[in-house]
Amino acid sequence: MELRSIWGVSIVDHDDETLGRIVDTLTRGGFHICAIASPYLKCHLAGDGAATGATHSARETGRAEQWAILDRSLVVAARFDAPIVRAFSFWRVERPETVRDDVLTTLREATSRVLAAGRLLGLENEYACNIATGAEAAWFLDRIPEPTLGLI
């Protein structure tokens, strides 16, 4: 099972006590967690602003908060023994090819951090984000040939 939100709150925003209750409930039910559906990089590349796509219970956040979201996602993934943490590619700009270098630099750093944490980074291609299509995803995967990064 992939965890995105519980009780209307993003899984990465639950406190440690609540996460403990969730872990206990899922363990008793015999569930295995395959991924933490983090909202990492579901924000504007240039900073703050209103969401331009679905946030699915995640708080609207700015770019400055993204490393903390990734760090928290890795803590939550460890708590649930989930091998994969999901990532996005910032809200889509009019011409995504113009921001490729910035997105690439960010994803390279994220891949490095996730590797150090012993997890996998699952990049989700989503039309509301800069990596929307298979062709766009391939461009990035070709430039980050690290097996820690994959496509959801």
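Numbers for residues simply follow the sequence, beginning at 1.
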| request: Mind listing the closest non-hydrogen atom pair of G134 and N125 along with its distance? | output: N-ND2, 4.2 Å
| message | side chain to side chain contact (heavy atoms under 4.5 Å, CB included), that's the test. Do V85 and L120 meet it? Break it down for me. | response | CA-CA 6 Å; V85 170; L120 302 170; over 6 Å; no
| note | Residue pairs meeting salt bridge (Lys or Arg N to Asp or Glu O under 4.0 Å), one or both in residues 99-116, sequence neighbours left out, come to R63-D102, D71-R113, E109-R113
| request: Examine V99 and W91 and state if one hydrophobic cluster contains both, with Ile, Leu, Val, Met, Phe, Trp and Tyr joined whenever side-chain heavy atoms are less than 4.5 Å apart. | output: no
| said: Within this structure, what is the CZ-CG distance for the pair R86 and L3, rounded to the nearest 0.5 Å? | reply: 11.0 Å
| request: Output all residues satisfying salt bridge (charged side-chain N to carboxylate O under 4.0 Å, His left out) with D81, sequence neighbours left out; order by chain, then residue number. | output: R119
Just list the side-chain donor-acceptor pairs under 3.5 Å for residues 28-41, sequence neighbours left out, or say none.
| unit_1 | atom_1 | unit_2 | atom_2 | d |
| --- | --- | --- | --- | --- |
| S38 | OG | Y40 | N | 3.0 |
| S38 | OG | S73 | OG | 2.8 |

| task | Any chance you could measure H14, atom NE2, to R79, atom CZ, to the nearest 0.5 Å? | result | 12.0 Å
| Heavy-atom side-chain proximity of C129 to F90 below 4.5 angstrom | no
| query | Given the rule that I, L, V, M, F, W and Y join up when any side-chain heavy atoms are under 4.5 Å apart, are I84 and L121 in one cluster? | reply | no
| query | Judged by atom type as modelled, is there a donor-acceptor pair below 3.5 Å linking the side chain of N130 to the main-chain atoms of S89? | reply | yes
| task | Look at the side-chain heavy atoms of Ile, Leu, Val, Met, Phe, Trp and Tyr, link any pair under 4.5 Å apart, and say whether I144 and L151 land in one connected group. | result | yes
| Does V12 belong to the same Ile/Leu/Val/Met/Phe/Trp/Tyr cluster as L26, with side-chain heavy atoms less than 4.5 Å apart forming each link? | yes
| request: Could you tell me which residues satisfy side chain to side chain donor-acceptor pair (under 3.5 Å) with E97, sequence neighbours excluded, listed by chain and number? | output: R95
| Residue pairs involving residues 127-147 (criterion salt bridge (Lys or Arg N to Asp or Glu O under 4.0 Å); sequence neighbours excluded) | R92-E136
| task | Report the distance from atom CD of Q66 to atom OG1 of T106, rounding to the nearest 0.5 Å. | result | 9.5 Å
| field | Joint cluster assignment, W7 & F80, ILVMFWY side-chain distance < 4.5 Å | value | yes
| request: Report the distance from atom CH2 of W139 to atom CG of L104, rounding to the nearest 0.5 Å. | output: 5.0 Å
| query | Atom CD1 of I6 and atom CD1 of I11: how far apart are they, to the nearest 0.5 Å? | reply | 4.0 Å
| task | Output, in order, the C-alpha distance, side-chain angles, deciding distance and verdict of side chain to side chain contact (heavy atoms under 4.5 Å, CB included) for L107 and I131. | result | CA-CA 11 Å; L107 287 175; I131 301 173; 3.9 Å; yes
| said: Taking salt bridge (Lys or Arg N to Asp or Glu O under 4.0 Å) as the cut-off, I'd like each qualifying pair that reaches into residues 14-23, sequence neighbours left out, listed once. | reply: D16-R72
